[in-house]
Amino acid sequence: MRSAIKSLLAPNPAANFEAYVSKCLSLLKTIPITQGTVLHGHLIKIGTSSERYLSVKLLIMYLTCRKPAEARQVAKEFDPFDLVVQNCFINASLQSGELDKARKLFDEMPERNEVSWTSLISGFMKAGRVNESLLYFWRNPFQNVVSWTAVISGFVQNGLMFEALSMFLELCQSEIRPNEVTFTSVLKACSETGEFRLGMSLLGLIIKTGNEHKLSVSNSLITLFLRMGEMDSSRRVFDSMEKRDVVSWTAILDMYVENDDLIEARRIFDGMPQRNEVSWSAMISRYSQSGHPEEALNLFHKMVRKGKFINVSCLSSVINALTTVKALQAGMNIHGHTVKIGMERDVYISSSLIDLYCKCGQTSDGRFLFNSVAEKNVVTWNSMIGGYGLNGQMEEANSLFEAMPSPNNVSWSALIAGYLDDTQFDKVFELFNQMLLLGEWPNKSTFSSLLCACATTASLEKGKNLHGKAIKLGIQSDVFVGTALTDMYAKSGDVEGACKVFNRMPQINEFTWTVMIQGLAESGFAIEALELFDKMDSRNPPNELMLSSILFACSHSGLVSRGLQYFRTFETKLNGSHYTCLVDMLSRAGRLEEAEELIESMPVEPEPYALAALLSGCQRHKNEELAEKTAKKLWRAAERDSGGYVMLSNLYASAGRWKDVLEVRKLMKEKGLKKNGGCSWIELKNQVHSFHSGDGAHSQSIEIYVVLDLLMYEMLPV
DNA sequence: GTAGGGTTAG
């Protein structure tokens with residue numbers, strides 16, 4: 001870039017004046033303002049600046065870089081009513097979001113050409129003011145492909161796919177012929193709405209009008225086929241292209257990402273003949289979204305080292321990757337950088353930063369940034385609401401939600417997920433009902449939260465109801481929803497229902513396996529759980545929960561040798577609770593010495609539960625000597641881990657040693673330890689009423705006790 | 001006037 005400028009700053013323009021001017025023109029679009037000013041000075045010196053095209057370009061440059069004084073200086077050289085210049089000013093106002101100023105300029109023009117009209121139409125569309133844009137469109141005396149395309153693409157940009165498509169149909173009925181730009185927009189509308197059949201019939205029209213080999217059309221077709229799942233067709237379009245640009249390469253890169261083949265995607269990326277910042281951001285974001293934050297960060301470092309231009313997309317992906325690895329300090333450095341380059345208030349950047357702070361537990365820092373963002377969008381709000389939810393600050397989350405101008409289903413889901421995390425299940429159901437009443441559509445996330453609430457509260461009826469709703473919405477076969485459904489049925493005691501859902505799922509992941517194995521194991525279907533575990537794809541290495549489940553299954557069904565076999569296979573992966581399961585298994589089987597040995601030799605600190613399991617084994621198999629020894633250990637463990645006291649107290653209670661129970665309780669009270677209170681609940685008229693032991697009584701507890709007394713009275717024998 | 005990349009909820 002620098003050398004290009006230098007060559008233009010030679011004392012005399014090149015012999016070929018035309019070529020010199022066109023070089024200046026192409027460069028003026030891309031060079032930074034400082035160098036543009038230098039070039040401008042030089043052009044004045046050598047007397048070339050009054051060349052009309054150059055002046056227009058210089059004007060545009062100053063306008064887009066918000067240098068109004070310089071822009072006016074250049075504009076002076078023109079006739080004040082020059083249409084091109086006036087259009088430039090309108091465009092500049094539109095770009096900087098001053099729509100009303102643009103409209104005023106437009107209204108004051110003595111005459112207008114098609115560019116003036118189209119600028120206004122597309123400017124209002126870009127700003128999301130669709131209706132005003134349409135007003136200009138219908139009044140436009142110069143209706144042509146460009147203005148039609150401006151409206152169609154405007155609809156697409158505003159997510160109004162149906163309107164875009166019907167506008168296109170109307171265009172086809174007029175005598176105006178769509179061109180490649182029109183097709184590109186409509187193809188995008190088809191890809192985004194899943195209107196694949198329409199896309200295919202468009203293909204016929206595209207071929208008939210001879211647009212199939214246009215670069216932008218081919219690029220859109222690659223994406224359309226990709227969304228249709230027609231990878232081969234995507235590849236065929238790409239292979240048959242005469243010319244490919246960065247967009248084509250980046251689009252085909254996505255094909256491999258979609259196939260979950262990041263290795264091949266990376267190979268394409270490395271072999272791309274040309275890469276721009278979009279290709280880099282694409283690869284970085286893909287790594288970040290597919291759960292490979294380290295790779296994303298590596299690539300980012302490489303990009304920085306290469307001195308590539310870092311744009312907003314790239315930064316937001318990087319912040320997202322840093323959030324995944326909880327790298328708060330590095331994220332703060334990036335934050336500092338964005339402040340320096342003035343991008344801090346960009347919605348993408350600020351939303352990701354808010355998310356970063358919240359996910360690292362710094363909600364107040366997140367809130368500080370949130371407050372400083374002037375133009376928040378729905379994502380900014382949702383990040384903050386979700387952030388409060390993650391940190392259990394439900395009051396803040398709720399008040400922010402209430403203050404929100406127009407919550408969408410993500411906002412609702414975020415709030416619901418927060419209450420779920422905070423185990424306020426009645427709030428979860430209440431919000432869901434409110435959401436439905438307000439006509440907001442629940443989505444996959446909403447369903448997974450709701451189903452999780454059902455699973456935890458064992459609300460089978462509610463869960464079945466949700467299952468029906470999910471089928472109606474056509475999302476029952478989604479992995480997340482299916483997994484949540486399986487879990488709900490299993491945890492509500494309907495193992496058969498869980499199996500039915502599980503067997504019908506078109507694709508399953510690690511979590512699906514986990515909930516199904518766990519469901520079987522905890523419902524007493526030990527053999528089935530183990531069978532399923534053995535059947536599992538070896539590409540899914542067992543996670544901690546699965547191992548817990550199978551050890552639990554072995555322990556509760558007396559499958560000791562099988563349990564020990566698993567123990568030996570996965571010994572390196574076991575944690576404290578797995579060892580507790582094993583100790584429990586051996587103790588139940590009466591193999592007390594082995595259990596004790598295991599406690600002595602385990603590589604992790606034994607949980608109090610492990611000692612308690614051994615102790616209860618001793619009681620069952622009448623080994624008082626070992627019991628006494630273990631009880632002493634449990635007392636010592638209790639000093640470190642309050643859970644031990646609870647175990648002790650329960651054990652004494654089950655042995656009827658009430659004096660010892662009191663002793664332990666007293667000790668707990670002295671140390672300020674509190675046992676988690678019990679809780680029970682019932683469902684009435686779609687509302688969950690929960691009852692807690694100790695404090696936190698039900699709001700209608702007085703009435704409830706009155707009715708209870710009456711019932712007791714009725715039940716008294718006459 | 002157009003195509004490829006970005007932020008939030010599970």
Side-chain angles (χ1 to χ4, degrees), chain A residues 114-115 118-119 121-123 125-126 144-154 156-157 178-188 191 214-224 226 244-255 257 276-286 288-289 311-320 323 346-356 358-359 377-387 389-390 408-418 420-421 442-452 478-481 483-484 511:
Chain A
E114 64 264 40
V115 178
T118 317
S119 300
I121 294 168
S122 77
M125 276 293 187
K126 282 220 171 87
N144 58 9
V145 212
V146 181
S147 61
W148 276 83
T149 308
V151 168
I152 293 174
S153 78
V156 176
Q157 280 164 17
N179 65 10
E180 79 263 27
V181 181
T182 326
F183 283 123
T184 328
S185 286
V186 188
L187 282 176
K188 182 177 178 176
S191 323
K214 296 280 166 54
L215 185 62
S216 64
V217 173
S218 298
N219 287 342
S220 309
L221 279 173
I222 294 179
T223 306
L224 177 72
L226 187 64
R244 303 182 187 101
D245 65 355
V246 216
V247 179
S248 334
W249 281 98
T250 314
I252 205 75
L253 187 135
D254 240 16
M255 189 182 92
V257 175
N276 62 6
E277 72 272 10
V278 176
S279 335
W280 281 88
S281 329
M283 197 67 228
I284 291 177
S285 71
R286 291 327 197 180
S288 173
Q289 289 163 346
N311 64 8
V312 178
S313 310
C314 202
L315 280 172
S316 44
S317 292
V318 167
I319 297 171
N320 182 250
T323 305
D346 175 273
V347 273
Y348 282 98
I349 298 280
S350 53
S351 303
S352 354
L353 280 172
I354 290 171
D355 188 44
L356 169 86
C358 291
K359 290 220 171 101
N377 69 4
V378 69
V379 180
T380 325
W381 284 87
N382 292 348
S383 305
M384 198 62 232
I385 292 173
L390 281 174
N408 63 5
N409 53 16
V410 178
S411 331
W412 283 94
S413 305
L415 194 65
I416 288 176
L420 176 70
D421 239 25
N443 57 18
K444 295 180 260 177
S445 314
T446 332
F447 273 96
S448 17
S449 295
L450 260 296
L451 287 167
C452 182
D478 172 80
V479 203
F480 278 103
V481 176
T483 305
F511 299 103

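Here is the naming used below: chain letters follow the sequence lines, and residue numbers restart at 1 for every chain. Computed from heavy atoms alone, side chains included, the values below leave out hydrogens, waters and symmetry copies.
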Here the distance between atom P of B:dT7 and atom NZ of A:K359, to the nearest Å, is 11 Å
Rounded to whole Å, the CG-P distance (A:N409 to B:dG10) equals 13 Å
Residues A:S448 and A:A484: closest non-hydrogen pair is CA-CB, 4.0 Å
Whole-Å distance, A:F480 CZ to B:dA9 P, equals 11 Å
Side chain to side chain contact (heavy atoms under 4.5 Å, CB included) filter on A:S411, not counting sequence neighbours, yields A:V378, A:N382, A:F401, A:M404, A:P407, A:N408
Open item on the list: Main chain of A:A282, side chain of A:S285: is a donor-acceptor contact present, judged purely on distance under 3.5 Å?
Closed with: yes
Here the pair of heavy atoms bringing A:M125 nearest to A:V151 is CE-O, 3.7 Å
Taken in chain and number order and not counting sequence neighbours, the residues that satisfy salt bridge (Lys or Arg N to Asp or Glu O under 4.0 Å) with A:D245 are none
Separation of B:dG10 atom P from A:N408 atom CG, nearest Å, is 14 Å
message: Please determine whether any donor N or O and acceptor N or O are separated by less than 3.5 Å between the side chain of A:S351 and the base of B:dT7.
response: yes
Writing each nucleotide of DNA chain B 5' to 3' as (, ), [, ], | or . by Watson-Crick or G-U pairing under 3.5 Å yields ..........
B/S/- along nucleotides 1-6 of chain B (protein heavy atoms under 4.0 Å) is BBBBBB
### Side-chain (A:N276) to main-chain (A:S279) donor-acceptor, under 3.5 angstrom
yes
Those residues at least two apart in sequence (or on a different chain) that pass salt bridge (Lys or Arg N to Asp or Glu O under 4.0 Å) with A:K444 are A:D478
With sequence neighbours left out, the residues meeting salt bridge (Lys or Arg N to Asp or Glu O under 4.0 Å) with A:K359 are A:D355
